[in-house]
Amino acid sequence: MSPSLKIHWLHSSSSFSVHHCLNLMKMISVAATAPNQMATRTHFHSSENPPINLFENCTSMDQLKQMHAQTIKAGFTSHPTVLNKVISNCCAHEFGDMNYALQVFDIIPEPSIFIWNTMIKGYSRIHCPHCGISMYSAMQRMSVKPDCYTFPFLLKGFTGDIALVWGKGFHAHAFKYGLDSNVYVHNALVHMYSLCGQIDMARGVFDMICEKDVATWNAMISGYNKTKKFDESWKLFNDMQKKGVFPSSVTLVSVLSACSKLKDLDAGKQVHNYVKECLIEPNLVLENALIDMYVACGQMNVALEIFEDMKIRDVISWTTIIKGFCNSGKVDLARNYFDEMPERDYISWTAIIDGYVRVNRFKEVLELFRDMQGSNIKPDEYTMVSILTACAHLGALELGEWIKTYIDKNKIKNDTFVRNAVIDMYFKCGNVEKALTVFNEMLQRDKFTWTAVIVGLAINGHGKEALDMFSKMLISAIAPDKITYLGVLCACTHSGMVDEGRKLFSSMITQHGVDPTVAHYGCIVDLLGRAGHLKEAYEVIQNMPMKPNSVVWGTLLGACRMHKDAELAEVAAKQMLDLEPQNSAVYVLLCNIYAACKKWGSFRKVRQMMMDRGIKKTPGCSLIEVNGVVHEFVAGDGSHPQSEKIYSKLDEMIKELKSAGYAPDTSEVFLDIGEESKERAVYRHSEKLAIAFGLLSSGPGVTIRVIKNLRICVDCHNMAKLVSKVYDREVIVRDGTRFHHFRHGSCSCREYW
DNA sequence: GTAGGGTTAG
């Protein structure tokens with residue numbers, strides 16, 4: 001071994017040094033007292049050869065111990081063949097017990113290389129690489145030379161971390177013992193280097209191998225897949241064919257996986273054709289890989305054809321089809337397959353749950369999660385991210401916190417993705433403090449962590465803190481992206497920081513090389529518009545490098561409503577209707593503006609236009625979570641089981657609030673009806689129903705959290721302020737764009753929304 | 001008497 005490659009071996013973790021008599025006695029007594037159904041049928045004499053054939057059909061540790069006991073009784077206590085059989089049974093089988101293997105191993109004075117290899121293989125099988133390494137180290141101390149079986153067995157049990165620390169050392173050892181010309185050892189080294197991401201080292205070994213077999217190529221291709229170098233996988237597949245090496249079905253599966261990740265349909269089809277032309281018998285895994293490739297390339301029909309023709313399908317086949325439908329937004333079709341499949345694992349459940357998340361059907365997400373728990377399938381961290389996302393959208397804080405506890409209790413991997421989702425959930429439920437606690441406890445933060453915090457602070461009205469976070473993010477040398485900048489600009493908008501916003505917008509391109517999208521221009525229009533710089537906002541739209549979309553015009557329209565500029569509003573509305581003639585929000589905003597400016601003639605014209613075009617206003621909808629259940633209200637809703645009680649609570653509330661100075665504000669009522677009817681209409685707004693229900697069903701002092709789909713109206717905003725004062729309750733309303741934290745009669749948005 | 005390679009999910 002070269003002197004620069006010294007290996008510092010671990011201390012042996014167990015009892016290699018001593019052959020414990022005690023241990024032996026114990027073991028023998030354990031073996032001898034094991035349930036003994038075989039005793040009457042078999043009887044051995046020490047003069048005969050040991051009955052090693054018996055061990056062939058062993059199916060459990062109990063059986064193995066019985067047989068072991070029989071051999072001891074028959075006087076073969078330290079017969080090498082018997083001990084080998086006992087150990088290899090422990091090491092090779094699913095039921096095998098490595099502790100028992102070690103006990104037996106310990107009584108062998110000079111184990112053969114075969115036994116050492118078997119023990120190492122056993123530790124790799126139970127994913128205990130440190131024990132394998134300890135074995136190897138003990139072997140070294142006893143001056144036993146590894147052979148060409150040792151390294152493949154040992155390296156197979158490695159994880160990426162272990163490979164990174166120990167890999168080069170073992171490579172050096174393989175070299176030292178002259179095993180580096182063995183193809184199995186080579187393949188194991190290629191595998192080991194790609195495992196820890198050292199793909200160049202893997203390639204170095206690969207290139208040095210003279211006698212490559214198909215497994216060598218497979219290991220290298222799979223290494224490129226693991227390190228996400230899918231182009232290289234494809235290249236290597238072509239090289240392989242040029243060299244005349246015949247790919248195995250394993251090669252094709254790996255290459256198909258690369259095509260799938262690259263979304264390269266042409267390449268995928270080539271592989272498919274290869275399968276057909278070379279008459280490769282398509283096995284289950286290969287067919288699954290084909291389905292996955294076609295799904296990834298958006299060829300659902302082809303994928304389905306293969307799926308339908310399959311003789312045997314497994315849970316992966318079904319899940320891949322489900323994922324395919326989910327990706328194309330056809331979640332109901334996906335659900336049909338999900339309901340139909342013979343058995344579901346946690347990945348299938350997560351796939352369908354994620355499908356519902358993607359189409360924003362969050363209540364169904366929670367229902368499915370309950371079903372999943374009902375069927376005793378344990379969720380993993382991926383599932384948790386989907387559920388937390390649903391909680392975030394629904395404002396389901398109680399359930400979100402329950403999930404957080406569930407993750408800890410069930411030892412679900414609490415990785416950065418999960419923590420990011422928890423942070424997002426807390427912010428979107430309006431709990432800024434807890435979101436920041438999770439953030440502060442995180443040791444590893446990625447771009448998404450910082451972005452979640454910046455956006456979260458911004459929508460909760462902490463604009464300055466959001467910008468402070470942004471500075472800290474830059475100090476931590478994490479590069480902001482487009483989404484981060486949306487959060488940053490949003491922070492400026494919601495806190496009225498016009499100058500900062502302008503500066504940050506220009507630094508975006510000059511300092512961080514992020515090209516603004518139409519959404520960023522929308523933010524700037526929002527920033528200027530809300531602050532009353534309507535003309536400047538309009539100029540930005542006229543000069544932006546891309547075609548303004550309906551959102552940008554809508555933003556300007558909203559600013560016009562806020563500052564009562566009917567003239568510019570008409571310009572914006574016209575543009576918006578050209579782009580989206582069916583968008584009800586335009587008509588509603590325009591009506592609001594005309595009403596605010598008391599232009600009743602124009603108001604009626606727009607109303608008529610809506611009727612003629614059959615446009616209906618998006619109904620306002622509010623959610624509130626009580627005891628882990630999300631309750632949904634629309635304006636004038638009478639469908640809630642406690643509807644009667646809720647309305648009488650609302651009446652009582654309005655009476656009490658009126659005596660505290662509440663005066664209904666109907667200026668935003670869209671309907672062309674009398675004042676009294678308008679008042680009745682605002683009293684029945686969904687957020688008022690939700691707040692009344694919240695007061696009704698929670699104890700004093702409990703925070704009321706409401707999620708509203710549209711922007712909160714000025715009357716509900718007034719009322720919520722008074723509720724927070726009169727009932728001494730914190731009320732948090734998340735509307736379409738931001739949070740309103742109502743405390744002691746005032747709102748965090750400072751009337752700026 | 002012992003060996004190597006693969007598919008599904010943010």
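In what follows, every chain begins at residue 1, and chains take the letters A, B, ... in the order their sequences are listed. Note that this is a predicted model, so its numbers are computed, not measured.
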State which of [options] makes the closest approach to the side chain of [X].
X        : options              : answer
A:Phe153 : B:dT7, B:dT8, B:dA3  : B:dA3
A:Val285 : B:dT8, B:dA3, B:dT7  : B:dT7
A:Tyr346 : B:dA9, B:dG5, B:dT2  : B:dA9
A:Ser257 : B:dT7, B:dA3, B:dG6  : B:dT7
A:Asp415 : B:dG10, B:dG5, B:dA3 : B:dG10

- request: Examine A:Tyr136 together with A:Trp116 and report whether their ring centres are nearer than 6.0 Å.
  value: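 They do not qualify: ring centres at least 6.0 Å apart.
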task: Indicate, with yes or no, if the rings of A:Phe307 and A:Trp318 have centres closer together than 6.0 Å.
output: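 Between A:Phe307 and A:Trp318, the centre distance is under 6.0 Å.
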- prompt: Going by ring centres under 5.5 Å and near-parallel planes (under 30°), is A:Phe114 stacked on B:dG1?
  reply: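 No; centroid distance or tilt outside limits.
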So, is [X] close to the [N] phosphate, meaning a side-chain N or O under 4.0 Å from OP1 or OP2?
X        : N     : result
A:Lys323 : B:dT8 : no
A:Lys413 : B:dA9 : no
A:Lys156 : B:dA3 : no

Selection: [range], any non-hydrogen atom under 4.0 Å of DNA chain B:
range                       : result
residues 352-389 of chain A : A:Asp354, A:Arg358, A:Asp380, A:Glu381, A:Tyr382, A:Val385
residues 187-202 of chain A : A:Asn187
residues 221-232 of chain A : A:Ser222, A:Lys226

Could you tell me how far apart [X] ([atom1]) and [N] ([atom2]) are, to the nearest whole angstrom?
X        : N     : atom1 : atom2 : answer
A:Leu290 : B:dT8 : CG    : P     : 13 Å
A:Arg125 : B:dA3 : CZ    : P     : 13 Å
A:Leu236 : B:dG5 : CG    : P     : 17 Å
A:Tyr184 : B:dG5 : OH    : C1'   : 11 Å
A:Ile209 : B:dG5 : CD1   : P     : 14 Å
A:Asn182 : B:dA3 : CG    : C1'   : 9 Å
A:Ile280 : B:dG6 : CD1   : P     : 17 Å
A:Phe307 : B:dT8 : CZ    : C1'   : 13 Å

- request: Determine the contact category for A:Ser254: base if any of its heavy atoms lies under 4.0 Å from a base atom, sugar-phosphate if only primed atoms, P, OP1 or OP2 are that close, otherwise nothing.
  value: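 Sugar-phosphate, no base atom in range.
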- request: Under 4.0 Å between any heavy atoms, over every strand shown, what does A:Lys261 touch: base, sugar-phosphate, or nothing? Just pick one.
  value: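 Sugar-phosphate contact only.
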Salt-bridge present (A:Glu401, A:Lys404; N to O < 4.0 Å):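 Looking at A:Glu401 and A:Lys404, the cut-off is not met.
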query: Is a donor-acceptor pair below 3.5 Å formed from side chain A:Ser248 to base B:dG5, judging by atom type as modelled?
result: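 Flag set: donor-acceptor pair detected.
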All salt bridge (Lys or Arg N to Asp or Glu O under 4.0 Å) counterparts of [X], not counting sequence neighbours:
X        : answer
A:Asp408 : none
A:Lys323 : A:Asp292
A:Lys363 : A:Glu632
A:Asp332 : A:Arg361

Under 3.5 Å, which donor-acceptor pairs link side chains of residues 243-253 of chain A to any protein atom two or more places apart or in another chain?
{"residue": "A:Ser248", "atom": "OG", "partner": "A:Asn218", "partner atom": "ND2", "Å": "3.2"}
{"residue": "A:Ser248", "atom": "OG", "partner": "A:Val250", "partner atom": "N", "Å": "3.3"}
{"residue": "A:Ser248", "atom": "OG", "partner": "A:Thr251", "partner atom": "N", "Å": "3.4"}
{"residue": "A:Ser248", "atom": "OG", "partner": "A:Thr251", "partner atom": "OG1", "Å": "3.1"}
{"residue": "A:Ser249", "atom": "OG", "partner": "A:Asn283", "partner atom": "ND2", "Å": "3.3"}
{"residue": "A:Thr251", "atom": "OG1", "partner": "A:Asn218", "partner atom": "OD1", "Å": "2.6"}
{"residue": "A:Thr251", "atom": "OG1", "partner": "A:Ser248", "partner atom": "N", "Å": "2.9"}
{"residue": "A:Thr251", "atom": "OG1", "partner": "A:Ser248", "partner atom": "O", "Å": "3.2"}

- request: Any side-chain hydrogen bond (donor to acceptor under 3.5 Å, both in side chains) involving residues 262-275 of chain A? Give me the pairs, sequence neighbours left out, ordered by first then second residue.
  value: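 Sorted pair list: A:His272-A:Tyr294.
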Donor-acceptor contacts, no H, no angles, side chain residues 196-205 of chain A, under 3.5 Å, sequence neighbours left out:
{"residue": "A:Arg203", "atom": "NE", "partner": "A:Asp207", "partner atom": "OD1", "Å": "3.1"}
{"residue": "A:Arg203", "atom": "NE", "partner": "A:Asp207", "partner atom": "OD2", "Å": "3.4"}
{"residue": "A:Arg203", "atom": "NH1", "partner": "A:Tyr224", "partner atom": "OH", "Å": "3.1"}

field: Partner residues of A:Tyr149 under the ring pair (Phe, Tyr, Trp, His ring centres under 6.0 Å) criterion, sequence neighbours left out
entry: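 Ring pair (Phe, Tyr, Trp, His ring centres under 6.0 Å) check on A:Tyr149 returns nothing, list empty.
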- request: Scan side-chain atoms only and decide if A:Thr449 and A:Asp446 contain a donor-acceptor pair under the 3.5 Å cut-off.
  value: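 There is such a pair between these side chains.
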- prompt: What residues form a side chain to side chain contact (heavy atoms under 4.5 Å, CB included) with A:Asp180, not counting sequence neighbours?
  reply: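 Scan of A:Asp180 (side chain to side chain contact (heavy atoms under 4.5 Å, CB included), adjacent residues dropped) gives A:Phe175.
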